[in-house]
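The structure appears below as structure tokens.
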Amino acid sequence: METPTPAKVFIVEDSASIRARLTDLLGDIDGLQIVGEAETPIDAIDGILRSRPAWVVLDFQLRGGTGVDVLRAVHPTAPDIMFVVLTNHPTAQYRRLCLGAGASWFFDKSTEFTKIKDVILGASVVKQ
């Protein structure tokens, strides 16, 4: 029997403590591999395009730009990547902006943090 290829995840978050929480949250999902992390839009765009993950967990507010900058740069050339925006700025305006730029989900960090795991587990990309 063939071993399934792990679903790859790239984390874009400028807070080291939030990145560590995301790694802990997602690290116990069978069939999931965290393939990179970035703190800035430029590093995120480069890392995502190089690693071609199935999933990107993306902060809205980043050093030197926003998650929308990342979405606008990556989504047109890699529309198959699933973007999950996780933010401390859960306004309707930012939600529309992110979803319009290619995000699949938009969650509030303070109240919906663990929903990222639920979304990934519920997707057919990862089979447990």
Side-chain angles (χ1 to χ4, degrees):
M1 175 164 40
E2 223 177 282
T3 304
T5 303
K8 298 187 287 185
V9 176
F10 196 97
I11 298 172
V12 183
E13 169 62 59
D14 58 356
S15 165
S17 63
I18 298 294
R19 282 195 316 274
R21 281 184 61 203
L22 286 166
T23 299
D24 287 345
L25 178 70
L26 301 176
D28 65 349
I29 298 175
D30 289 338
L32 194 87
Q33 175 187 16
I34 297 172
V35 295
E37 298 179 357
E39 298 179 14
T40 67
I42 291 171
D43 291 341
I45 293 163
D46 179 57
I48 293 165
L49 292 175
R50 199 171 359 92
S51 64
R52 292 293 180 157
W55 295 89
V56 174
V57 178
L58 180 63
D59 189 11
F60 179 81
Q61 188 63 47
L62 300 166
R63 287 188 197 110
T66 68
V68 175
D69 299 327
V70 176
L71 286 163
R72 288 180 177 154
V74 174
H75 188 262
T77 59
D80 55 322
I81 296 174
M82 306 299 274
F83 285 90
V84 182
V85 175
L86 184 64
T87 183
N88 284 322
H89 307 282
T91 67
Q93 174 189 1
Y94 290 154
R95 177 182 297 276
R96 282 190 304 274
L97 189 60
C98 290
L99 295 175
S104 299
W105 293 272
F106 184 95
F107 295 126
D108 181 342
K109 273 184 195 175
S110 61
T111 61
E112 301 176 303
F113 191 89
T114 60
K115 284 189 177 184
I116 294 169
K117 184 175 182 177
D118 297 336
V119 163
I120 293 173
L121 284 171
S124 61
V125 175
V126 176
K127 295 192 180 4
Q128 278 200 297

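None of the values given here were measured: they were computed from a predicted structure.
- Smallest separation of non-hydrogen atoms from G65 and P41: CA-CG, 3.7 Å.
- Nearest heavy atoms, L26 versus K117: CD2-CA, 4.2 Å.
- The side-chain heavy atoms of N88 and Q61, taken from C-beta on, include no pair separated by under 4.5 Å.
- Between the CG atom in L32 and the CG atom in L25 there is a gap of 10.0 Å [rounded to 0.5 Å].
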List the atom pairs, donor and acceptor, that lie under 3.5 Å between side-chain atoms in residues 44-53 and the rest of the protein, sequence neighbours left out.
from : atom 1 : to  : atom 2 : distance (Å)
D46  : OD2    : R50 : NH2    : 2.8
S51  : OG     : G47 : O      : 2.8
R52  : NE     : L49 : O      : 3.4

Which side-chain N or O atoms in residues 66-86 pair as donor and acceptor under 3.5 Å with protein atoms at least two apart or in another chain?
from : atom 1 : to  : atom 2 : distance (Å)
T66  : OG1    : V68 : N      : 3.2
T66  : OG1    : D69 : N      : 3.3
D69  : OD2    : T66 : N      : 2.8
T77  : OG1    : V74 : O      : 3.1

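- Transitive grouping of hydrophobic side chains (ILVMFWY, heavy atoms separated by less than 4.5 Å) brings V56 and F60 into a common cluster.
- Closest approach of F113 to L22, counting heavy atoms only: CZ-CD2, 3.6 Å.
- If you take OG1 on T23 and CD1 on I18, they are separated by 11.0 Å, rounding to the nearest 0.5 Å.
- Judged by distance alone, the side chain of R19 and the main-chain N or O of I11 form no donor-acceptor pair under 3.5 Å.
- Clustering ILVMFWY residues whenever any of their side-chain heavy atoms sit less than 4.5 angstrom apart, transitively, puts L121 in the very cluster that holds I116.
- W55 and L58 end up in different hydrophobic clusters when Ile, Leu, Val, Met, Phe, Trp and Tyr side chains are linked at under 4.5 Å.
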Identify all side-chain donor-acceptor contacts of residues 91-110 below 3.5 Å with residues at least two apart in sequence or on another chain.
from : atom 1 : to   : atom 2 : distance (Å)
T91  : OG1    : Y94  : N      : 3.2
R95  : NH1    : F106 : O      : 3.2
D108 : OD1    : S110 : N      : 2.9
D108 : OD1    : S110 : OG     : 2.8
K109 : NZ     : E13  : OE1    : 2.9
K109 : NZ     : E13  : OE2    : 3.3
K109 : NZ     : D59  : OD1    : 3.3
K109 : NZ     : D59  : OD2    : 3.4

